[in-house]
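Written below as structure tokens is the structure these notes are about.
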There are 2 protein chains.
Amino acid sequence: MTKASALHRPHLVKRLAAEGIRLTAQRKMLVEIIQDSSDHLDAASLLRLAKKRDSHIHRATVYRTLDLLKRLSLIDELDLMHLEGEKHFYEVRTKSEHFHLACFRCGKIVEHKTPTFELLKKEISKQTGFRINVIRLEVGGECRNCGAQSSNLPRKVGVP
Amino acid sequence: MTKASALHRPHLVKRLAAEGIRLTAQRKMLVEIIQDSSDHLDAASLLRLAKKRDSHIHRATVYRTLDLLKRLSLIDELDLMHLEGEKHFYEVRTKSEHFHLACFRCGKIVEHKTPTFELLKKEISKQTGFRINVIRLEVGGECRNCGAQSSNLPRKVGVP
DNA sequence: CATCTGATGCGACTGAGTCGCATTAAGTCA
DNA sequence: TGACTTAATGCGACTCAGTCGCATCAGATG
Ligand SMILES: [Zn+2]
Ligand SMILES: [Zn+2]
Ligand SMILES: [Zn+2]
Ligand SMILES: [Zn+2]
């Protein structure tokens, strides 16, 4: 169990209850798995992990729960630059906006944050009049390690 | 034909030639369609438009060409906040980075740019040591118009 | 023009995600 | 606590975007 789970689970459960959403065993389990995972999970991985705990859980339930959590803005959906196919990944939404950098060589995903991002968000809102609900920044490139080796290793995608 | 096409097509063709890529009739046509379109196209729309010009073009060719252009960084792939399903959309990559705002109520897509975004990009690079190859910022929310009506219109997604 | 080779068309195939419906179980209240 | 109501789950058939291997076609080159 990561630090995140202990902090967020009560909040999530409260949110679900507040919306008049039924707190089923499956939903609790799925939320727990997402929160406790140190990786960013895609639907298939989530289903796989869930089946370890309850082999009868059905993929439809996983998709429906992801949709629900997305609609409630309890999780964010990520592409991670489509590093491994067209999958989408999910993570619990935290108050402080962070974003993701994906290395096209080694596949590493790095989370980062900087005040400039928060500033940019405010600025966009002011300049365009949009009330911002979701904001997603993703970066693809070459991480410090891979760049340092200035190697000729095979590339995966997006490299000009 | 939009302003973009006249400016970029020669460049695109040059780039393709430079890479030792064969300039087939199909590739030329697909590049033209993407450039001339005022909308952001997804694979299916691109195929539909292409078939109007050459009814024999096959969907596999469209997918392969999109992959090629993506790999060469000649086009960027967008999600547009999955406003209409899980489709991906494509646009010619221009030098100046812009990003997209999607309104969850009316579905409008707005393109925007601000120096802070360029600044952020430089900052990320410096702070993380990443050599940035692709950077994608997408915003979902409520546009000025829809917000002004503070209406109870049906919502599409992501609204808490 | 002839040759070489990468690209296209094709159609079968895959597999993620969806849908309608019968069954189950969460929440509620007497 | 034990019905009762109704949302949620499990199920399996289904869809349909995207992939793949292979035969054929057509750029590029000299
Ligand atoms: Zn790396
Ligand atoms: Zn993250
Ligand atoms: Zn996506
Ligand atoms: Zn709008």
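Atoms considered below: every heavy atom in the structure, side chains included; atoms not considered: hydrogens, waters and symmetry mates.
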Given atom [atom1] of [X] and atom [atom2] of [N], what is their separation to the nearest angstrom?
X       : N      : atom1 : atom2 : result
A:Met29 : C:dA26 : CE    : P     : 13 Å
B:Asp67 : C:dA7  : CG    : P     : 13 Å
B:Leu46 : D:dG18 : CG    : C1'   : 14 Å
B:Leu23 : C:dT8  : CG    : C1'   : 15 Å
B:Ile21 : C:dA7  : CD1   : C1'   : 11 Å
B:His56 : C:dG11 : NE2   : P     : 12 Å
A:Glu84 : C:dG15 : CD    : P     : 17 Å
B:Lys87 : C:dT18 : NZ    : P     : 14 Å

Can you check ring pair (Phe, Tyr, Trp, His ring centres under 6.0 Å) on A:Phe99 and A:His112, steps first, answer last?
CA-CA 6 Å; A:Phe99 50 88; A:His112 189 65; 5.6 Å; yes
I'd like to know if A:Asp79 and B:Arg136 make a salt bridge, using a cut-off of under 4.0 Å between side-chain N and carboxylate O.
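A salt bridge links A:Asp79 with B:Arg136.
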Looking at A:Asp67 and A:Lys70, is any side-chain nitrogen of the basic one under 4.0 Å from a carboxylate oxygen of the acidic one?
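Salt bridge: yes.
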On DNA chain C, compare the nucleotides closest to A:Ala25 and A:Tyr63; which residue's is nearer the 5' end?
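Final value for this comparison: A:Tyr63.
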Over the length of the helix from C:dC1-D:dG30 to C:dA30-D:dT1, how much do the five-pair end axes diverge, rounded to 10 degrees?
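That helix has its two terminal axes inclined by roughly 50°.
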Regarding B:Arg27, tell me which of base, sugar-phosphate or nothing describes its non-hydrogen contacts under 4.0 Å with the strands shown.
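Sugar-phosphate contact only.
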Between [X] and [Y], what is the shortest heavy-atom contact and its length?
X        : Y        : value
A:Gly107 : A:Leu83  : CA-CD2, 3.4 Å
B:Gly147 : B:Glu142 : CA-OE1, 3.5 Å
A:Glu118 : A:Glu97  : OE2-N, 3.6 Å

Among [options], which nucleotide has an atom closest to any side-chain atom of [X]?
X       : options                : answer
A:His58 : D:dC11, D:dG18, D:dG27 : D:dC11
B:Thr24 : C:dA7, C:dA12, C:dG17  : C:dA7
B:Ala60 : C:dC19, C:dT5, D:dC20  : D:dC20
A:Arg59 : D:dA8, D:dG12, C:dA7   : D:dG12

B:His82/A:His88 aromatic ring centres below 6.0 Å:
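Yes.
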Please check the phosphate of D:dG10 (OP1 and OP2 only) for any side-chain N or O of A:Gln26 closer than 4.0 Å.
yes
OP1, OP2 of C:dT8 versus side-chain N and O of B:Thr61: anything below 4.0 Å?
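Answer no for this pair, as no side-chain N or O of B:Thr61 is under 4.0 Å from OP1 or OP2.
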Could you check A:Asn133 against B:Met81 for side chain to side chain contact (heavy atoms under 4.5 Å, CB included), going step by step and ending with a plain yes or no?
CA-CA 11 Å; A:Asn133 208 280; B:Met81 295 318 285; over 6 Å; no
Pick the nucleotide of DNA chain D nearest each of A:Ile57 and B:Glu86; which residue has the one closer to the 5' end?
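With A:Ile57 and B:Glu86 compared, the 5'-side residue is A:Ile57.
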Suppose we call a contact any N or O donor and acceptor under 3.5 Å apart; does that hold for the side chain of A:Arg64 and the base of D:dT9?
no
Kindly say whether, by distance alone, the side chain of A:Arg22 makes a donor-acceptor pair under 3.5 Å with the base of C:dG27?
no
